[in-house]
Protein chains: 2
Amino acid sequence: MSQTVDRALSILPLLAEGPADLGKVADRLGVHKSTALRLLRTLHEHGLVHRQADQRYRLGARLFALAQEAVENLDIREIAHPHLVTLNDCCGHTVHLAVHEEHEVLYIDKVESRYPVRMYSRIGKPVAITVAAVAKLILADLPEAERRTLAERLDYPQYTPRSTPNAAAFLKELARVREQGWATDLGGHEESINCVAAPVRGPDGRVVAAMSVSAPNVVVTAEELLALLPVVRRTADAISREYSGSAPADQATPHQGNGKTP
Amino acid sequence: MSQTVDRALSILPLLAEGPADLGKVADRLGVHKSTALRLLRTLHEHGLVHRQADQRYRLGARLFALAQEAVENLDIREIAHPHLVTLNDCCGHTVHLAVHEEHEVLYIDKVESRYPVRMYSRIGKPVAITVAAVAKLILADLPEAERRTLAERLDYPQYTPRSTPNAAAFLKELARVREQGWATDLGGHEESINCVAAPVRGPDGRVVAAMSVSAPNVVVTAEELLALLPVVRRTADAISREYSGSAPADQATPHQGNGKTP
DNA sequence: GCACTGTGTTGCGTACTGTGCAACGCTCGT
DNA sequence: ACGAGCGTTGCACAGTACGCAACACAGTGC
């Protein structure tokens, strides 16, 4: 859309990989050094990039501050967090909260396992959308047409033999997840990691987020983890209630769902 | 420098205040709606802004992912090293940098003392976690529950009469360290060695590393070493600032300052 | 029912703005 | 001392982003 801005913004993910000097930035962007310099200077003025002692550029503090504000604006997170902590207190495993955004499913909160062996994940990072239990729950709630379009457009990486192989299998899995109201990922992403997840619903009943408990099977077996399903669902329901209940932004909440359609 | 990019980036702090619609963004930027739209679209393509259901814009999760990735790829050692050297230049003693990893605290960098009598340590080796000043700083920053669990699980070897004797004493010491923002080890590991240490913090304020100055008391007394506390703290703070990427907006560069600012 | 205000969106001609080039200055390494 | 490699500067050109005006659409009041 806007070439200049487009180029400037492309610098950010590039620098996220690690510090880079002017030449490298210009190369990766495919522009002249002087152009890259101008863009970097502008980013620098806004504090989004930082120039270190060796003159290389890296992401700046302002970006961290903005990121902080961005995540704080996600109010589901605020509401859910204490519940996630409670759940972690009672089972000890890693607890995640994820939402749908821009055709991706992102972890937006996480409470670390209290066991020494932990799974790796990163807040803000897209989840493995075709296999993650939270992704299945969130996507299962989409309108059918959208679900189908999305399923066709996705790649299906075979992380493990149990990864979802293709669109057809994915849609079938989504249908089942939608039906049963919870989801699992048993070694579909990493061989030894299992997850069990439940949906968080908004006042209109639509899924606004999903939460999961994950643990490597060196800590607990899949069966033991599945035994946590009731408490995971209870936690998700509690979050749903609080999220739906404390929404006085509009006028009185209508009792019935969609009253009338034009 | 670059008008277009400048305008686009100005949108981010604006949205950080809260969601805004197209008109408001255009107003605040002082540009035409169509211009604002083009900029927002470009930001949107890069995932930096997100369009919510009511068509208003807010900051996107991509910001958070970028910040997260940047932090992961940051090499504290690389950033800290020149500072450690400077500190060593000024005081001559052994300077250490340590981080938390897998329930241990490890030295990851070291600048040797310029005095003939040196303390023994090795980069990559776990520190004496119950007595080392750097370990206390790093562990003092953990969430309280984790701190307590860890304290219970540790052994408390009596290296010297002044070694931390047990979990209760350790937790008490951590609380004090957390409070005062620095730590010492006065003969707690080896009878004749004293240390004074300060924390390095990341952009979110959490302790990501700790650095210390150590010297045997045949070289300097504990009191003399403690006199170095201010400079140690200043050094640690400088590392924190650089690690966080705080842009020294107007800070004069030591030599060859070409730019004259009005 | 209608006109009317308030959005967000599109196409387009203009000229402003960003671009690449070439030359410069600086710091290292040999 | 010299050259290689880097960042930086000024400038002429044209590509690109700009604002305008018109459009589409929704909600509101009459």
With a 3.5 Å cut-off and sequence neighbours excluded, list the donor-acceptor pairs that the side chains of residues 29-39 of chain A form with protein atoms.
residue	atom	partner	partner atom	Å
A:H32	ND1	A:S34	N	3.1
A:H32	ND1	A:S34	OG	3.0

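- For A:E144, the side-chain hydrogen bond (donor to acceptor under 3.5 Å, both in side chains) test picks out A:R148, with sequence neighbours left out.
- Taking only side-chain nitrogens and oxygens, A:T35 never comes nearer than 4.0 Å to OP1 or OP2 of C:dG18.
- Here A:F64 pairs with nothing under the ring pair (Phe, Tyr, Trp, His ring centres under 6.0 Å) rule; sequence neighbours left out.
- By the side-chain hydrogen bond (donor to acceptor under 3.5 Å, both in side chains) test, B:Y243 is found to be paired with no residue, residues two or more places apart in sequence or in another chain being considered.
- Annotation: side-chain hydrogen bond (donor to acceptor under 3.5 Å, both in side chains) contacts of B:R41 (sequence neighbours excluded): none.
- In this structure, CE of B:M1 is placed 12 Å from C1' of D:dT8, rounded to the nearest angstrom.
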Return a table of donor-acceptor pairs under 3.5 angstrom between the side chains of residues 176-183 of chain A and protein atoms on other chains or two or more places apart.
residue	atom	partner	partner atom	Å
A:R176	NH2	A:E173	OE1	3.3
A:R178	NH1	A:A140	O	2.6
A:Q180	NE2	A:W182	O	2.9

Close N/O contacts between protein and nucleotides 12-16 of chain D (under 3.5 Å):
residue	atom	partner	partner atom	Å
D:dT16	OP1	A:Q3	OE1	3.4
D:dT16	OP1	A:Q3	NE2	2.9

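- The backbone N or O of A:A197 lies less than 3.5 Å from no partner atom in the side chain of A:S212, so there is not a single donor-acceptor pair.
- Residues satisfying the side-chain hydrogen bond (donor to acceptor under 3.5 Å, both in side chains) criterion with B:E224, sequence neighbours excluded, are B:T221.
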What's touching nucleotides 10-12 of chain C from the protein side, N or O pairs under 3.5 Å?
residue	atom	partner	partner atom	Å
C:dT10	OP2	B:R41	NH2	2.5

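- Among residue pairs with one or both ends in residues 76-85 of chain B, those qualifying as side-chain hydrogen bond (donor to acceptor under 3.5 Å, both in side chains) are A:R56-B:E78, B:H81-B:D109, B:H83-B:E242; sequence neighbours excluded.
- Sorted by first then second residue, the salt bridge (charged side-chain N to carboxylate O under 4.0 Å, His left out) pairs that include residues 1-20 of chain A, not counting sequence neighbours, are A:E17-A:R28.
- Helix-axis bend for the helix from C:dG1-D:dC30 to C:dT30-D:dA1: the local axis fitted to the five terminal pairs at one end deviates from that at the other end by 30°, rounded to 10°.
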